[in-house]
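Below: one structure, written as structure tokens.
Every value quoted in this text rests on a predicted model; they were computed, and no experiment measured them.
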Amino acid sequence: MASLSFDSIVFNREVSFCRGYSMESKDRLEKLFLENRISYFIEWQERSFFSRIFGGGKRKEKSMFTVRINEADVERATELVKDIDSVRLKKPKED
């Protein structure tokens with residue numbers, strides 16, 4: 001995704017922030033982000049054919065999604081989600 005730059009203002013600096021594995025964690029993340037005015041986008045992952053067949057047990061019911069946020073909000077969002085189960089923070093990419 002490209003970013004636009006006008007003078008010193010940068011727009012559209014979206015990063016993959018975390019991955020979630022349950023609907024409860026999705027609901028909790030949405031509530032936290034809305035209360036703290038952090039814009040976000042949820043990207044759903046499709047489970048592979050083999051994962052659905054051989055996943056077994058509770059794994060069949062779990063959802064997988066990636067939350068994308070603006071890079072300016074990463075530090076604040078990290079503090080908000082550090083205690084939520086079923087959420088794994090993505091490691092930032094080194095430039």
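Looking only at distances, no side-chain donor or acceptor of Arg76 sits under 3.5 Å from a matching main-chain atom of Ile38. For Asn70 (side chain) and Ala72 (main-chain N/O), a donor-acceptor pair under 3.5 Å exists by modelled atom type.
Between Trp44 and Met64 the shortest heavy-atom distance is CE3-O, 3.7 Å. Heavy atoms only, all atoms of each residue included: Ala77 and Phe33 are closest at CB-CE2, 3.8 Å. Taking every heavy atom of both residues into account, Ser16 and Arg68 meet most closely at OG-NH1, 2.7 Å.
Ion pairing between a basic and an acidic side chain is recognised when a charged N comes within 4.0 Å of a carboxylate O; Glu79 and Lys82 show such pairing. A salt bridge is defined here as a Lys NZ or Arg NE, NH1 or NH2 lying under 4.0 Å from an Asp or Glu carboxylate O, and Glu24 with Arg28 fails to meet this definition.
Side-chain contact between Leu32 and Ile84 is present, with heavy atoms from C-beta onward closer than 4.5 Å. Counting only heavy atoms from C-beta outward, the side chains of Phe17 and Leu89 approach each other to under 4.5 Å. Side-chain contact between Tyr40 and Leu29: absent, with no pair of heavy atoms (C-beta onward) separated by less than 4.5 Å.
For the atom pair Arg19 CZ and Ser25 OG, the distance stands at 12.5 Å (nearest 0.5 Å).
In the hydrophobic clustering of this structure, Leu80 groups with Leu34; members are Ile, Leu, Val, Met, Phe, Trp, Tyr whose side-chain heavy atoms approach within less than 4.5 Å, directly or through other members. One hydrophobic cluster, built from ILVMFWY side chains closer than 4.5 Å, holds both Ile42 and Ile69.
Residue Glu75 places its CD atom among 12 or fewer non-hydrogen atoms of other residues, nucleotides or ligands, all under 6.0 Å distant.
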